[in-house]
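Inspection log for the structure reproduced underneath, given as structure tokens.
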Amino acid sequence: MSGGCSIRAIWILNSLDSVVFSRRFPVVEKRWQAACKSENENASEESFSYAVYSLLPADSELASAFVERKQREGSARGFGIRVSQSSKGSDSWVDDPITRHIVGLYINKGEEGENNLLWPLILHIKGNYFVIVLPLVEPRYLKAYTRLCKRSDCGNAIGADDSLSSLLLDLPSITGAFMVAHAIGDIISADVTEPEVVVSASPSVGGLLDSLTGSIGISGISSRAKPVAAPVASSVPSNTAVAGAVAADAPKIGSRPLDKDALRTFISSSMPFGTPLDLSYSNIFTIKVNGFSSSDLPPPDLKQPAWKPYLYKGKQRMLFTVHETIHAAMYDRDEIPDNISVSGQINCRAELEGLPDVSFPLTGLNTAHVEGLSFHPCAQVPEHHADKQAVMFSPPLGNFVLMRYQATCSLGPPIKGFYQLSMVSEDKGAFLFKLHLMEGYKAPLTMEFCTVSMPFPRRRVVSFDGTPSIGTVSTTEHSVEWKIVTSGRGLSGRSIEATFPGTVTFAPWQTQRLSSSRSGFGIIADEDSDVETQNSNNVVNIEDFLMDKMSNDLPPADLEEPFCWQAYEYAKVSFKIVGASLSGMSIDPKAVSIYPAVKAPVDFSTQVTSGDYILWNTLGKCPSAAAEKA
């Protein structure tokens, strides 16, 4: 049972907490019941109280347990940390944020006592639905988690064996279950687009025609043999920011209806008998529509992998795109260091006939200070040496993510500086930005656009006053937007300094009615602010008075909105940079080899986008991670 991943059951609930789709796998369930029987028979008297609950619940039982957990934990995901409302035996009692994504449900709690815990359940929220996946694990791991839910201490001690982190490291099926949950979430939300592969502005020799046809959208020239060709994006500047979104705890309203036929087809084809094989929806859908013919059969001496059900026929080429996302927390404080990190992936599209093997050396590992690498199942990766990593793979059809990695930003932050906001009255704030863009960055690195947003989710913006040194300013009901670099006027080969002093006026606080909002701690705020105002003569420090008054009046935001907690103020930066990766990760097109040898141009491009790139208010409160003491 320890090897691979098997799924016992899948449930999908809607926003009304009703099960709208479920699928159980009897073959896997027989293995689970046999393991439970053996475990319970061999259990000692001391561990008898942890007897394993071996039955799968009915849909109505699971829905009731899900509602009960939401009430107990404050929301669908739960607290994630031990708080005063946490009860012994609950997920939050374990005091680990991962329990917001790997949850447990007590089935018929009043009837069965405490030996009816269903765990580990992978919880994924997508659109209007909750996706719950139950992987197969050995019963002893369920017992171990039950003990964690009842211990008196909390948190994970560094290096401790008896912790949730060490428990999950022994369960590779958890990773597979997450992949299943995300694949199903993409299907029910119709979000099944393939990863973007960008054609560079300077194509390699022999690839000019391919680049031109890709950039003007002629996909038929490079279509697959059977599937519809996935789009190949051009390197034309875009003014759309790719920003890391904060996942909402409640499902979004207005999602498309659930396509149960598509789900049944995908599940039966991608995970027969509960064992995930190929989770590519495009492959499954294409096989269903087109089927197979004699012309689709590979040569008898070649073994066709599951991720390539059809052989490509047409003009041959290879495209690689390094796509990096920059996350940063900028404080501009001596006592709190700035934090910046890079999440990257290498997207690939291999339009090659037959079943060739592709290999290349991956360079820049030392420069990028890579902390973690993961590869597509088609890749074979030996241990890396020094600054190079050899990669060999048999590419699937269409666009796919060849590799993901975590790294540091070798060039330093692309935007640095400070943001200050100070309340000069109860309904008016003065702010100041002083930013340096692309300092130390040289051509070919180009910033295509850069926008700074000041969100005010708890106040309504009436007006603002101020003129930036560069760019334009606009407002929405709850934010001020500053466009520093606009699309079509990129910044390359130089750095600039941008300043923006001004004031923002909010609607009077007394006339605003706060919408009902359930915070992560179960607080309901639906009231007018009628706090008595004090005589100005009795106020020693108007700044302290205003901040204290606003902090007391403002209700806590949901835990799903970590940047809006209490009176924290911040600005968020969105940008896009092309020309090179910021980590130093790179692929040399001339070093890419294909076996059997064919003449196929290789194109390499990069793009860097902002994730959660946050400028914290230097004059206000800000969250930060405590530094490890020596």
Side-chain angles (χ1 to χ4, degrees), residues 194-200 203-234 277-278 280-321 346-362 375-381 390-403 587-605:
E194 294 182 304
E196 183 180 12
V197 177
V198 180
V199 178
S200 67
S204 57
V205 177
L208 177 59
L209 178 59
D210 292 333
S211 300
L212 291 174
T213 56
S215 64
I216 62 178
I218 302 179
S219 57
I221 294 180
S222 57
S223 62
R224 308 178 188 179
K226 284 286 184 180
V228 178
V232 179
S234 70
L277 297 178
D278 181 13
S280 171
Y281 179 75
S282 60
N283 283 349
I284 301 299
F285 179 77
T286 302
I287 293 174
K288 177 185 176 182
V289 172
N290 297 295
F292 293 95
S293 65
S294 57
S295 61
D296 297 319
L297 298 176
D301 58 331
L302 296 177
K303 185 177 181 181
Q304 191 165 355
W307 55 79
K308 195 169 186 177
Y310 296 102
L311 300 182
Y312 174 81
K313 297 177 181 178
K315 188 174 178 64
Q316 303 188 84
R317 65 172 179 174
M318 287 204 68
L319 306 174
F320 292 95
T321 294
I346 297 180
N347 300 338
C348 178
R349 181 182 180 90
E351 296 173 345
L352 301 173
E353 294 185 346
L355 296 171
D357 288 327
V358 180
S359 62
F360 64 89
L362 191 64
F375 294 87
H376 189 278
C378 72
Q380 302 178 38
V381 184
V391 179
M392 184 174 70
F393 61 100
S394 177
L397 284 172
N399 303 352
F400 68 100
V401 180
L402 175 63
M403 185 189 83
I587 296 175
D588 182 3
K590 297 180 180 179
V592 176
S593 61
I594 304 171
Y595 181 82
V598 296
K599 289 185 177 180
V602 179
D603 187 276
F604 173 72
S605 62

Heavy atoms, side chains only, cut-off 4.5 Å: are [X] and [Y] in contact?
X: V602; Y: I587; value: no
X: D357; Y: Q380; value: no
X: V391; Y: I346; value: no
X: P396; Y: H376; value: yes
X: S280; Y: F400; value: no
X: F360; Y: F604; value: no
X: V381; Y: M403; value: no

### Query
Of all residues at least two apart in sequence or in a different chain, which pass the side-chain hydrogen bond (donor to acceptor under 3.5 Å, both in side chains) check with S394?
none
## Note on the structure
Contacts of S593 meeting side-chain contact (heavy atoms from CB on, under 4.5 Å) (sequence neighbours excluded), chain-then-number -> S359
### Query
What residues form a side-chain contact (heavy atoms from CB on, under 4.5 Å) with E353, not counting sequence neighbours?
Y312, K313, Q316
### Contacts of F375 that satisfy ring-ring contact (aromatic ring centres under 6.0 Å, His included) - sequence neighbours left out
none
### Candidates N399, T321, D603 - the one meeting side-chain hydrogen bond (donor to acceptor under 3.5 Å, both in side chains) with R349
N399
